[in-house]
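Just below is one structure, and these are the notes that go with it.
Side chains included, hydrogens not; waters and symmetry mates left out as well; all remaining heavy atoms used.
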Amino acid sequence: MACAAPPSPLPVVSLPARRRGATAAAAASYHAPSTRLSRRSWLSTGNSPRSRLRTQASKAEPAEESLPAAPGPSEPLPQPRTSTWNWKGYNIRYQCAGTSGPALVLIHGFGANSDHWRKNIPALAMANRVYAIDLIGYGYSDKPNPREFEESFYTFETWGEQLNTFCAEVVKSDAFFICNSIGGLVGLQAAVMKPQTCKGIVLLDISLRMLHINKQPWFGRPFIRSFQNLLRNTVIGKLFFNAVATPESVKNILCQCYHDTSAVTDELVQMILQPGLDPGAVDVFLEFICYSGGPLPEDLLPLVKCPVLVAWGEKDPWEPVELGRAYGSFDAVEDFVVLPNVGHCPQDEAPELVNPLVESFVKLHS
């Protein structure tokens, strides 16, 4: 697991809030949440992410602007529609809602799918056109066998190309990328490959890829590679997958990465598990856990031309916030927000924090 890997070589830094010309005045009321407050008290005191980040989150001032009021009976939340898009002969499932405003594309993490954004799509669609995509190999998108390709298929370059083509053919405009975990690498890769497509990126607990070849200790690399080959090329891999792909195992894994385990419902477990039982899912799973190459966040962030907001669950056990803070040092990163008492998947565990944060960032850069 990522939390058991060696420490990141990046330094942990404390950054001053940036002022970017005309955006500074518009962001004057944007303060960071206080890590000393519970989510309930944070919202009740007005310390919400509707305000501009000051990197020292524990010294936040109360925000003057409160969270947007919940829609009344005459203003129901838009409900997502499920559609299929054909990309390179493969069926790609996506969900969408909203008819006007900037376009947002929501990108899930490893083993998840667009349903992981079910608590975000309706709220964000009140003022935006929202799309959530199942990356190829995940969710209810097709899962081609990686062994049928001469070169590696399940890479960030593949998913980055998929995302950019999706924006061109389905969204039909540039878009903001809202990403969780491994999805953050996908969003960054797409933005580097085609900068004109991406207006801004929100990274929620981006994966630090602690098993990447460049982060493995030299003495451990032969053992890690041997273990990966064992999983990928023998029956042991499928036995391992079968042990993981059960309701009990999925629930246990989710309870590790969610700080508030009451959010790990039977609905969530089935939402993650069900598409993982599709034919081909095991090959994708084993292929990716053996993927130790490709880019790291620190490789891509210096190349990104659009504004980036990094938000991190304070209680993330897989990608510790202490390591995550280092990613606020890149020029493209405008803010680093600590989400109090939240784990690795804040969009699902704490949508009441994430949705206003995304809305504020999009409004600021639209």
Side-chain angles (χ1 to χ4, degrees), residues 23 26 49-50 67-72 74-87 91-109 112-136 138-141 159-180 183-184 186-191 193-204 304-309 311 346-348 351-366:
T23 64
R50 292 285 301 176
L67 289 172
S74 61
E75 194 179 4
L77 288 173
Q79 294 305 304
R81 306 177 303 278
T82 299
S83 300
T84 300
W85 165 58
N86 189 278
W87 179 61
N91 289 323
I92 304 299
R93 178 243 200 169
Y94 69 93
Q95 301 181 58
C96 59
T99 57
S100 62
L104 281 57
V105 182
L106 316 182
I107 309 160
H108 62 80
N113 58 78
S114 59
D115 289 334
H116 213 188
W117 300 97
R118 68 200 187 284
K119 299 177 183 178
N120 315 101
I121 298 173
L124 296 175
M126 292 294 292
N128 306 281
R129 294 179 293 126
V130 181
Y131 301 82
I133 188 171
D134 286 7
L135 297 173
I136 190 165
Y138 292 103
Y140 294 97
S141 290
W159 290 314
E161 180 186 357
Q162 178 191 359
L163 183 56
N164 284 330
T165 309
F166 180 77
C167 289
E169 297 183 0
V170 179
V171 180
K172 298 185 184 301
S173 73
D174 52 16
F176 291 89
F177 298 157
I178 317 301
C179 320
N180 176 229
V186 177
L188 290 175
Q189 181 68 59
M193 293 169 69
K194 197 172 181 182
Q196 64 271 30
T197 295
C198 185
K199 296 188 67 175
I201 305 176
V202 176
L203 301 175
L204 303 171
V304 171
K305 305 302 181 184
C306 63
V308 178
L309 169 65
Q347 79 278 10
D348 187 61
E352 74 277 12
L353 306 187
V354 171
N355 292 341
L357 187 67
V358 172
E359 290 168 355
S360 183
F361 178 79
V362 170
K363 184 177 180 181
L364 185 64
H365 294 289
S366 296

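- Separating the CD1 atom in Ile178 from the CG atom in Leu124 is a distance of 7.5 Å, to the nearest 0.5 Å.
- Taking every heavy atom of both residues into account, Phe361 and Pro307 meet most closely at CZ-O, 3.5 Å.
- Nearest heavy-atom pair, Ala123 versus Leu77, reported as atom, atom and distance to 0.1 Å: CA-CD2, 4.1 Å.
- Between Trp117 and Ile107, the closest heavy-atom pair is CZ2-O, 3.3 Å.
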For residues 80-87, which side-chain N or O atoms pair as donor and acceptor with protein atoms under 3.5 Å away, sequence neighbours left out?
unit_1: Trp85; atom_1: NE1; unit_2: Glu169; atom_2: OE1; d: 2.9
unit_1: Asn86; atom_1: OD1; unit_2: Gly89; atom_2: N; d: 3.2

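- Gln347 contributes no side-chain N or O that, together with a main-chain N or O of Asn180, makes up a donor-acceptor pair within less than 3.5 Å.
- Take Lys119 and apply the salt bridge (charged side-chain N to carboxylate O under 4.0 Å, His left out) test, not counting sequence neighbours, and it matches Asp348.
- Counting only heavy atoms from C-beta outward, the side chains of Lys194 and Cys167 never approach each other to under 4.5 Å.
- Listed by chain and residue number, nothing satisfies the side chain to side chain donor-acceptor pair (under 3.5 Å) test with Asp174 (two or more places apart in sequence, or in another chain).
- With sequence neighbours left out, His108 forms a ring pair (Phe, Tyr, Trp, His ring centres under 6.0 Å) with Tyr138.
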Distance-only check: which donor-acceptor pairs under 3.5 Å involve side-chain atoms of residues 95-106, not counting sequence neighbours?
unit_1: Gln95; atom_1: NE2; unit_2: Ser114; atom_2: OG; d: 2.8
unit_1: Gln95; atom_1: NE2; unit_2: Asp115; atom_2: OD1; d: 2.8

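- How far CD1 of Ile133 is from CG of Asn113: 12.0 Å, rounded to the nearest 0.5 Å.
- Residues passing the ring pair (Phe, Tyr, Trp, His ring centres under 6.0 Å) test with Phe176: none are found, sequence neighbours excluded.
- For Arg129 against Ser173, the heavy-atom pair with the smallest separation is NH2-OG, 3.0 Å.
- The side-chain contact (heavy atoms from CB on, under 4.5 Å) test with Phe177 is passed by exactly one of Leu163, Val202, Leu188, Val186: Leu163.
- With values rounded to the nearest 0.5 angstrom, His365 atom NE2 is found 10.5 Å from Lys199 atom NZ.
- Nearest heavy-atom pair, Ala132 versus Ile121, reported as atom, atom and distance to 0.1 Å: CB-CD1, 3.8 Å.
- To the nearest 0.5 angstrom, Ile92 atom CD1 is 4.5 Å from Gln162 atom CD.
- Taking all atoms of both residues into account, the shortest heavy-atom contact from Ala190 to Asn164 is O-ND2, 3.0 Å.
- Proximity of Cys306 to Ile201: side-chain heavy atoms (C-beta onward) are separated by under 4.5 Å at one or more points.
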